[in-house]
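Written out below as structure tokens is the structure these notes cover.
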Amino acid sequence: MYDIIVVGGGHAGCEASSAAAKMGFKTLLVSSNKKNIADMPCNPSIGGTAKGIVVREIDALGGLMGKVADQSHIQIKMLNNAKGPAVRSLRAQADKITYPKIMLETLENTPNLEILEAMVEDLIVEDNTIKGIILNNKEEIYCKALILTTGTYLRSKILVGDKSKEEGPHGEKRSNYLSNNLKRLGFDIQRLKTGTPQRLERSSIDFSVLKEECGDDSYWTFSFDNGPLYDKDKQEKCYIVYTNEKTHQIIRDNLKKSAMYGGYAEGIGPRYCPSIEDKVVRFADKERHQLFLEPESLYYDDIYLQGFSTSMPEDVQEEMVHSLKGLEHAKIKKYAYAIEYDAINPLQLTHSLETKVIKNLFTAGQINGTSGYEEAAGQGIIAGINAGLKLQNKDPLILKRNESYIGVLIDDLVLKGTKEPYRLLTSRAEYRLLLRHDNADLRLREYGFKCGLISKEQKEVLDAKISLIEKVTNYLKENRITLKNLPEDYKNRFNINLTNGLSLFDFIKRPEVKISDLNEYGIIPFKTTSFDVLEQVEFNIKYEGYIKKEEQEAQKLIKMENKQIPNDIDYDKVKNLASEARQKLKQVRPITLAQASRISGVNPVDIGILAIYLKKEYSKNE
Amino acid sequence: MNSTICAISTAMGVGAISIIRISGPDAIKIVNSIFKGKNLLEVDSHTINYGHIVYKEEIIDEVLVSVMRAPKTFTVEDVVEINSHGGPAITKKILEILLLSGCEPAEPGEFTKRAFLNGRIDLTQAEAVQDLVVSESEKSRKMAINGLSGSLSKLIKDIRKEIIDVQANIEVNIDYPEYEEGEKYTKDTLLPRIQNINIMLTNLLDNAQNGKMIKDGITVAILGKPNVGKSSILNAFLEEEKAIVTNIPGTTRDVVEGRFILDGIILNIIDTAGIRETEDVVEKIGVEKSKKASKDADLIIYVISAEDGISVDDSEFIKSNIDKKIIIFINKNDLSDNRLKIDYVNQESIIYGNTISSDGLDALKDKIRDMFNLNELDNSNYTFLSNARQISLIKEASLKINNIIETIDNLPLDVFTIDLKNAYELLGEIIGETYKEDLIDELFSKFCLGK
């Protein structure tokens, strides 16, 4: 008997099982193959726009992904550095050997956590409550809460051209029965599709004709708890490749042979990560498409051809790859393929990631219709925490849209559902100036501490940071700057024009003034203060007006979030609702008016009608 | 299920006919129960049927009854309209009978509210219905009809589309920083597009002023020293005795309003007590009012008597209002041929004439046409914002866009998207595509009964 069982050892399963175990629950992680724990079957990178911020959020809550990535990446860079603090995001090329290895070691050294190699076939359910799992050898294992993080393994099918194989990534065994059993238990099962490009042999590529993409010259870390663990001068390089007219012609000539265009696939693929044939067909007037060559590991010589995902047959892929400049003689070690798999309809989930169908059953990751390692891990830690909180009879941890990208992701999933694999984008967040890379710890660490994932020592570091931010800010408010006390070379270098004295606080508001420069020139006395703290202070000052604006907007949202919809509401009694809105509201059953307003198919007018109805029907009782 | 509602849709009074409108699931059944003629339950939709309203075997009125079945009706419900022979007593009697037969009285604006809630019209259209009902001039009626057909919504939607397009391009740059997909957005490429959005909003606002003018008319204050002939000018416009005209200075003590229509635009004319420093307490109130009227007016017609010439008071007043739209009317040119010149006023704004032979009045009207571009208005389409709610939302949206233009050199890309998003949402509020608490409640409580 376990407290919590996690089925699936991917990125969601790792975070879920680690969180559950750290909360003190006797936890079992079941994986069909231990070697594939924390596997990266697709791109060799962690982070990216929005996703990098999710990794920071996971770390702030006490998760693993950031720390493991810090120990295993071979290149790292900050994206969108020039586009503003709200959209900055880290991306690292993770080593596909080292990352899973360190993750497995970490899990194996986690108290309360056991790992079992087995295939799960069915669930034990009594009184609509989860009781345990049944393995394919018919062995039964009991638990109080279960988290399904099965990734793409449910009835997965690999497609290359008109050929298909009923297996998971790397030729692993697929799970044949679980999704049918979930269907029997009342879940809507949908079919999704995603794809991955070719892996090429490093030595067969002519890098000399390609443009290099290097890592950043400054040090970065995903985790708030460790410093950089790499040498910035010894980073691996990526390269840029472009498609050309010849490539496009090959694709057009062979379109019928592609699994997707030939009609061999039924799953719905993601729009934001289209196959190369999709790109060529949909953007016919584009002369070229950009591709990246990314090294997968220091320990083997596969190069990942990002952006060239396709379901063309192998011979066409050969032709396509060889049409690219620099890849004329490239040796394909692994052909691109599409993978189809079963997922549940996330509208059947609550915000805690517990299913509405079966009590104490949680799901996270690709089974919920998302795509991406980070999205999976973000859900995983929340599912782990909430399974634990449920067993402790505590309220679930539900992150709000103005608090985190993870909150945006889950809220979108459970209110809007998804018909294609869901990828997080910065544009999905309404308050991204609040959801920055740099302040994830200030936003979320307290929650991690309350749930028991963040230690007292880590909490003390956070508290010290908060009070230091305050101290620096106060100093800047209280001290004035005049032309006299500015060093001559500073004035000359930055062309500072200062007629009247003003507070340092107001001085920093000027776009050309950097807090780090003031520090360097000794104008402010914070030489030993960490970059993190000064960066916080600078953002808060420079974007004060905009941050306040977003906070005000967020307050409006919170006000609407506080408008509860009683769970006994009968939507048939609400006059004038559009029929689609009525049906969606009945299906999702939102808890607050704000949630209702985010359900697709529910229009502002419907919200108005609902608000009026609530006021009329329920205000009498208040 | 909705109730069936009824209300008198035409203005109460002695008209040729009055219309009583009934809407709701039982509309046809209820009317049929008090109607003698064809069986309304069986007639085709959108037909007019002759018969009588009969109640307790008494014939109340001879009527025409229009039967319109859902969904192709204004409220998207079954709608019946009874055309009665008018007379407040009979119309009210029919309404009473309907209420006794199972109808409920419509709340203010309820027909429009149902049309809006049932998706028949959007918010600007709902507002247009309200405008249509209260429109007084041909132009304001046209404008309301244009609002009803959704051309304002279309303009707003076009601007929103442009905003979302710019935003989408910025977002592609942010979410896919390393790809060359999408236009690379820099401040240089962004600025012209933002400025273009600003121009679209400014045009809408300029038109909004016209829209307000068409709806509310132009307020004209006729000012000048006592006994220069202000009321005579008003009367000449109105062609009826509205103000008392005597030759004793200070007779007109109240600000008297008169209205007339020039090229389809209502001119609200305020006649005022003469401007003069005075000790007379009663008159002093009139003088205060005059000064206030000049502040509120869209146009000042300042009257000077050719006989008396320009006094210090006149000069002072004209100088202090030189920034406003002002016409100087030199009156009584029949009594004196003194063609007064005022060097600090544009000669074109000075008109000579008298009210006895109506000399100069046409020139005055032409000048007003000219100042307010009334000739051009005639040819333009009437897609204008017409109420304070719409105008203030556009102004707010315009402010956000201006904010981007002002800060574009100093702030990063991600910050602009905040203002862009806000502008987008503000515009959405105009057409009801952004939900704002209590907006709908508030709006419909303002609507008049009936329509």
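Bear in mind the structure is a predicted one, so any value in this text is a computation, not a measurement. A note on names: the letters A, B, ... follow the listed sequences, proteins ahead of strands, and every chain is numbered from 1.
- When all heavy atoms are compared, the tightest approach of B:Pro412 to A:Ala82 is CB-O, 4.3 Å.
- Residues B:Ile418 and A:Tyr543 form no side-chain contact, since every pair of their non-hydrogen atoms from C-beta on lies 4.5 Å or further apart.
- Neither the backbone nor the side chain of A:Lys509 comes within less than 4.5 Å of any heavy atom in chain B.
- Using a 4.5 Å heavy-atom threshold, the side chains of B:Asn422 and A:Glu553 count as touching.
- Pairs of residues two or more places apart, or lying in two chains, that qualify as salt bridge (Lys or Arg N to Asp or Glu O under 4.0 Å) and include a residue from residues 412-422 of chain B are A:Lys549-B:Asp419.
- Using a 4.5 Å heavy-atom cutoff, the side chains of B:Ile174 and A:Arg432 are in contact.
- Heavy atoms closer than 4.5 Å to chain B are found in both the backbone and the side chain of A:Glu430.
- Of the atoms belonging to A:Arg91, it is side-chain heavy atoms, and not backbone ones, that fall under 4.5 Å from chain B.
- Of all the heavy atoms in A:Ser427 and B:Glu171, the pair that sits closest is CB-OE1, 3.2 Å.
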